[in-house]
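First up is the structure itself, then whatever we jot down about it.
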Amino acid sequence: MKRVIYAGSEFVTGDDIAAALMGCGQALAEAGEAEAVTVPTRELDGSVGEVTVLIGPASQMVARDADSDDDELVDEVAVARLNAVQRRLRPVAVIDLPPSHDDWDDEI
């Protein structure tokens, strides 16, 4: 679990969620954009809640290990949503290369 400190507030979330949030913040900062994102949180009573944060170019966020007896908070949908922001801001071109000569059959 990670404790995320942001804008004078703190919340606890899962390791993968925190990593995706930090990556999303970095991508938004590089693009000079801001976006409100919702992140699942582990509440003090052990229940699952959520927080919405506005992250962008001036965001300063810290994630550190959190002492917790609760189970790791896992939310694949939230991680996918945060990663989608990163992919949108960092498009990657895919190039199909021709087969290498090593694949050619020499027995023609």
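Residues take their numbers from the sequence shown, with the count starting at 1.
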* Could you state the interatomic distance from OG (S59) to CE (M22), rounded to the nearest 0.5 Å? -> 10.0 Å
* To do: Please report the closest heavy-atom contact between A29 and G56, naming both atoms and the distance.
  => CB-O, 4.1 Å
* Asked: Can a salt bridge be assigned to the pair D65 and K2 using a cut-off of 4.0 Å between side-chain N and carboxylate O?
  -> yes
* To the nearest 0.5 angstrom, please state how far the CD1 atom of I17 sits from the CD atom of E72. => 7.5 Å
* Structure fact -> Heavy-atom nearest pair, V37 first then C24, reads CG1-SG, 4.3 Å
* To do: Return yes when atom CG of D67 has more than 12 non-hydrogen atoms of other residues, nucleotides or ligands closer than 6.0 Å, and no otherwise.
  => no
* Mark yes or no for whether R64, through its side chain, and I5, through its backbone, hold a donor-acceptor pair below 3.5 Å. => no
* Would you find a donor on one side and an acceptor on the other, under 3.5 Å apart, between the side chain of R42 and the backbone of D71? -> yes
* Asked: How long is the span from the CG atom in D70 to the CD atom in E43, to the nearest 0.5 Å?
  -> 10.5 Å
* Structure fact -> The residue among T52, L73, L21 that forms side-chain contact (heavy atoms from CB on, under 4.5 Å) with V39 is L21
* CA sep, side-chain torsions, deciding dist, call: L28, L89, side chain to side chain contact (heavy atoms under 4.5 Å, CB included) -> CA-CA 7 Å; L28 285 162; L89 296 169; 3.5 Å; yes
* To do: Search all heavy atoms of Q86 against all heavy atoms of G23 and return the closest pair with its distance.
  => CD-C, 3.4 Å
* Shortest non-hydrogen contact from M1 to V12? -> CE-CG1, 3.6 Å
* Check the hydrophobic clustering (I, L, V, M, F, W, Y; side-chain heavy atoms under 4.5 Å; chains of links allowed) and say if F11 and V48 are grouped together. => yes
* Structure fact -> D75 and A78 have their tightest heavy-atom pair at OD1-N, 2.9 Å
* Structure fact -> Rounded to the nearest 0.5 Å, the CD1 atom of I55 sits from the CD atom of Q60 at a distance of 13.5 Å
